[in-house]
Amino acid sequence: MRYLILFLCVFTACQTPVEPEEPIIPQEEPETTYTATKSLISAAPFRVGVAGNVAGLKEHTETRLIDQEFNSMTAEYEMKQNIMHISKYDYDWVSIDEFANYTRSRGMRVHGHALLWHSAIPSWLENFTGSDEEFSDIMKAYIQGAVSHRPKDVQSWDVVNEAFEDNGDLRNSIFRQKMGDDYIAQCFQWAHEADSSVKLFYNDYGTIWDDRKLTAMLEMLDDFEARGIPIHGVGFQMHITWDWPVIEPIKKAVDAVASRGWLIHFSEVDIRVNEDGGELELNQRLAELQQARMTEIVNLYNTIPEEQQFGITFWGLRDTDSWLIDFWGNVEWPLLFDHSYKHKLMHKGFVEAFE
Ligand code: XIL
């Protein structure tokens, strides 16, 4: 009996009409990269920069791409106070020299970033217990030492980075506590005294999306202008997403600084496409959104009078190098090149702004 049932089952199974097999359509690879025919620097009439580090300058694959695509460099972290300012009157200029040696032989520019930043204070300075006067003396010697450091390859510096809170209040950093509310002006003055040919920048995020912060920065610039404090340019960090902030507030901030005649640096560009961390891989749709956003940003930069275009700098080379991955704690693809140094559509978006 058991065999009969088994036989019937097998028989019935054989009788079940077989679904026609789905034809196998080869899955198309999502297109997130492309074959570039033009480099960024051959497309743009202004300087195009990238943030890097000394180790990267010794990596052949990396430098080949840097040489092709960029003519300006910023140190991602090695030209900050916590690295350079070893003790009261002692400095480490090794990274400046490494960058300078690299860029000099290539006719590139190295932009200094950043003399003062509340997030890069050496711990010995954070625990400083001396007088306010001594604090100022130490800061003056450090700023002037960095600006006048030989060889003089660094012809521009972000003197102060992120001095305002998100709401536009002056950040209550150790610099403000020890040197008073006018410390920013003081630092610019010291830097200028050390070398009057060096272009001095104020650099910040948030001025492109928060009116309070923009207003605070503009008030500072106007005040500097009225008092003859030497400042030459503004850095907009430009850490944005493919759809945020919308272009209007960015344009408003850029126009306001442009109409005052300062140099403008889009100083730390990256474009996030995975804000909520939902994606595990970059897909074509996101890559195209990022491409369009890139074009939009470069189109805006192109409206700035040429003599005020200091350049656009990307905050890293490859997606996997981006600081945002650690900062936000999820995978991101915010830069121009993928992990294998392939040109992403974002690169195409940049080049297309000039077509
Ligand atoms: C970041 C670097 O990317 C990191 O490698 C470093 O550890 C911390 O600083 N705004 C700035 C940059 O002005 O200096 C920051 O760079 C990113 C935010």
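No experiment lies behind these values; they were computed from the predicted model shown. Note that ligands are numbered from 1 as they come in the structure, with each ligand's atoms numbered from 1 the same way.
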Heavy atom of the protein closest to atom 10 (N) of ligand 1 (residue, atom name, distance) = E268 OE1, 3.0 Å
One finds that the ligand 1 atoms under 4.0 Å from a non-hydrogen atom of Y77 are 5 (O)
Pairwise side-chain contact, S136 with M179, heavy-atom cut-off 4.5 Å (strictly under) = yes
May I ask whether Y205 places a heavy atom under 4.0 Å from ligand 1?
-> no
Measuring to protein heavy atoms, does anything land under 4.0 Å from atom 7 (O) of ligand 1?
-> no
closest protein heavy atom to atom 15 (C) of ligand 1 is W117 CH2, 3.7 Å
Taking the minimum heavy-atom distance to atom 9 (O) of ligand 1, which of E162, E76, K80 ranks first?
-> K80
Lys NZ or Arg CZ of R104 over Y102 ring: under 6.0 Å, within 45° | no
Closest non-hydrogen contact found for G112 with M79 is CA-CE, 3.7 Å
Protein contact of atom 16 (O) of ligand 1 - nearest heavy atom, named by residue and atom, plus distance = W315 NE1, 3.2 Å
Take every heavy atom of F327, measure it against each atom of ligand 1, and state whether any distance is under 4.0 Å.
-> no
Exam field: side chain N274 to backbone V331, donor-acceptor pair closer than 3.5 Å = yes
The residue among H111, H113, H232 that forms ring pair (Phe, Tyr, Trp, His ring centres under 6.0 Å) with F201 is H111
Output, in order, the C-alpha distance, side-chain angles, deciding distance and verdict of ring pair (Phe, Tyr, Trp, His ring centres under 6.0 Å) for H85 and Y91.
-> CA-CA 5 Å; H85 201 171; Y91 318 103; 5.3 Å; yes
Identify the heavy atoms of A256 and L218 that sit nearest to each other, and give their distance.
-> CB-CD1, 3.8 Å
Counting both backbone and side chain atoms, is some N or O of N161 under 3.5 Å from an N or O of ligand 1?
-> yes
